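It should be emphasised that the depicted structure is a prediction, and the values quoted were computed from it without experimental measurement. In what follows, residues are counted from 1 in the order of the sequence shown.
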Amino acid sequence: MSTKPSHLNAQDLVAGYTSRPDIRGVSLEVYKGAPAQGITGASGVGKTTLANALVGALKPVGGRLTFNGKAVSRLRLGEKKRYEATVRKVAQNGFFGYDTALTVRRVVEDELRAARKTGRGSGRSIEEVLELMFLEERFIDRKLHTMSGGERQRLSIALALTTAPDVLVLDEPTTALDATLKDKVSARLRDIVAEREIGLVVFSHDLNLLSRLTPTVHVLSNGVFVESGSPRDLLTDPQHQATRDIAEAYPEAVRALRCVE
């Protein structure tokens, strides 16, 4: 068993929702204090499938996914609750699993309560949780369904941080944010991840976001990682056709990365 704290390990993972899995042999290691990793690829390549498999929301059909050496699919109820507090995912739609008729106050209170029950309470107030992602006090009594896409994404990130996770999986977390907010949120995330030593995995087609948050990016194609490296090296000197396709699709991002020393 690994001695690394909160050690999430995927070995030759196979996962999908049909008889032909999207993920066909991915290995990835994430743990508290590990360098952040990004995962990119063409639309429909299986990024969300892999994200769901990593957090235990989708049971793999092959390979092995373990948390501190134990198969995630075999965690007992108490272990599962601790796992869900320790390994958090932020979905692109922002509120997967939440009743959107609830108020912001209610969902934050529920998350704070869950954090305390699993021994991960932070002592933060509702206002402090919202401030993590630049949401003002006026949002406290709003119902979730009245919030914009960008507000939902920011709240979802703040909720995930409430349980002081050791591993954070972000699936296209800033797609609904304007450029100014995207910069602020990514900078705040980078600071929080560094301060708390969170093991971060970011799934995104946003090359600028990946370059801000992750020193290493894996390119997903045909169910496997076909190339890995720094965002700059990958996209200014791509070796695999899938990486070249991404670079050609986002020329402005590539030009910006060429300017990075």
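Here Thr214 contributes atom OG1 and Ile39 contributes atom CD1; the two are 9.5 Å apart, rounded to the nearest 0.5 Å. Between the CD atom in Glu252 and the CG atom in Leu207 there is a gap of 11.5 Å [rounded to 0.5 Å]. Note that CZ of Arg258 and CZ of Arg232 are 8.0 Å apart. Values are rounded to the nearest 0.5 Å. One distance of note links CD of Glu131 with OG of Ser125; it measures 9.5 Å at 0.5 Å rounding. How far CG of Leu112 is from CZ of Arg120: 14.0 Å, rounded to the nearest 0.5 Å. One finds the CD1 atom of Ile246 at 8.5 Å from the CG atom of Leu234 (value rounded to the nearest 0.5 Å).
Between the side chain of Gln37 and the main chain of Glu29, a donor-acceptor pair closer than 3.5 Å is present. At distances below 3.5 Å, not a single donor-acceptor pair connects side-chain atoms of Ser156 with backbone N or O atoms of Gln153. For the pair Arg116 (side chain) and Gly121 (backbone), a donor-acceptor distance under 3.5 Å is absent. Side-chain atoms of Ser230 come within 3.5 Å of backbone N or O of Asp233 as a donor-acceptor pair. Remark: the backbone N or O of Leu132 is paired with a side-chain donor or acceptor of Arg188 at under 3.5 angstrom. Judged by distance alone, with hydrogens and angles left aside, the side-chain atoms of Glu227 form a donor-acceptor pair with the main-chain N or O of Gln239 at under 3.5 Å. The backbone N or O of Gln11 lies less than 3.5 Å from no partner atom in the side chain of Arg64, so there is not a single donor-acceptor pair. Of the possible polar contacts, none joining the Ser204 side chain to the Glu172 backbone as a donor-acceptor pair under 3.5 Å is found. The backbone N or O of Phe134 sits less than 3.5 Å from a side-chain atom of Arg154, completing a donor-acceptor pair.
Within the 4.5 Å cutoff, the side chain of Phe203 has heavy atoms near those of the Leu54 side chain. Leu161 is listed as a side-chain neighbour of Arg196, based on a closest heavy-atom distance under 4.5 Å. Between Lys70 and Arg76 there is a side-chain heavy-atom pair separated by less than 4.5 Å. For the pair Val167/Tyr31, no side-chain contact is recorded, criterion being any heavy-atom separation below 4.5 Å from C-beta on. Looking at heavy atoms from C-beta onward, Ser211 lies in side-chain contact with Leu257 at the 4.5 angstrom threshold. Two residues are said to be in side-chain contact when any heavy atoms from C-beta on lie closer than 4.5 Å; Leu130 and Leu155 meet this criterion. Side-chain contact between Leu235 and Thr243 is present, with heavy atoms from C-beta onward closer than 4.5 Å. Using a 4.5 Å heavy-atom cutoff, the side chains of Asp206 and Leu210 are not in contact.
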Starting from the C-alpha separation in whole Å, work towards a yes-or-no answer on side chain to side chain contact (heavy atoms under 4.5 Å, CB included) for Lys182 and Asn208. CA-CA 10 Å; Lys182 191 175 294 187; Asn208 290 321; over 6 Å; no

Please lay out, stage by stage, how Leu135 and Val104 fare under the test side chain to side chain contact (heavy atoms under 4.5 Å, CB included). CA-CA 11 Å; Leu135 291 165; Val104 170; over 6 Å; no

Please determine whether side chain to side chain contact (heavy atoms under 4.5 Å, CB included) holds for the pair Thr162 and Arg88, giving the CA-CA distance in whole Å, both sets of side-chain angles, and the decisive distance to 0.1 Å. CA-CA 10 Å; Thr162 301; Arg88 296 297 301 262; 5.5 Å; no

Could you go through Lys81 and Lys117, starting from their C-alpha distance and side-chain angles, then the distance that decides it, and tell me whether this counts as side chain to side chain contact (heavy atoms under 4.5 Å, CB included)? CA-CA 9 Å; Lys81 288 186 178 297; Lys117 286 182 177 179; over 6 Å; no

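Under a hydrophobic-cluster definition in which Ile, Leu, Val, Met, Phe, Trp and Tyr are linked whenever side-chain heavy atoms come within less than 4.5 Å, directly or via other members, Leu58 and Val26 are assigned to different clusters. Taken together through direct or relayed side-chain contacts under 4.5 Å among Ile, Leu, Val, Met, Phe, Trp and Tyr, Val226 and Val14 form parts of separate hydrophobic clusters. Linking ILVMFWY side-chain heavy atoms closer than 4.5 Å, directly or via other members, places Val87 and Leu75 in a single hydrophobic cluster.
The side-chain hydrogen bond (donor to acceptor under 3.5 Å, both in side chains) test with Ser6 singles out one residue from Asn68, Thr86, Asp166, and that residue is Asp166.
For Gly56 against Lys80, the heavy-atom pair with the smallest separation is O-NZ, 3.8 Å. Scanning both residues, Leu220 and Val45, for their nearest heavy atoms gives O-CG2, 3.3 Å. Across Ile23 and Gly46, no two heavy atoms sit closer than the pair CD1-O, 3.5 Å. In terms of heavy atoms, Ala247 sits closest to Val254 at O-CG2, 3.6 Å. Across Ala10 and Leu65, no two heavy atoms sit closer than the pair CB-CD1, 4.0 Å. Counting all heavy atoms, side chain and backbone alike, Thr118 lies closest to Ala85 at OG1-CB, 3.5 Å.
Within a 6.0 Å sphere centred on CZ of Arg212, other residues, nucleotides and ligands contribute more than 12 heavy atoms.
Ring-plane geometry between Tyr83 and Phe67 is classed as perpendicular, the angle between the planes exceeding 60 degrees on a 0 to 90 degree scale with a lower cut at 30.
Side-chain contact of Asp110 with Tyr98: a donor-acceptor pair under 3.5 Å is absent, judged by distance alone.
Ion pair Lys47/Asp171 not flagged as a salt bridge, since none of the NZ, NE, NH1 or NH2 atoms sits closer than 4.0 Å to an Asp/Glu carboxylate oxygen.
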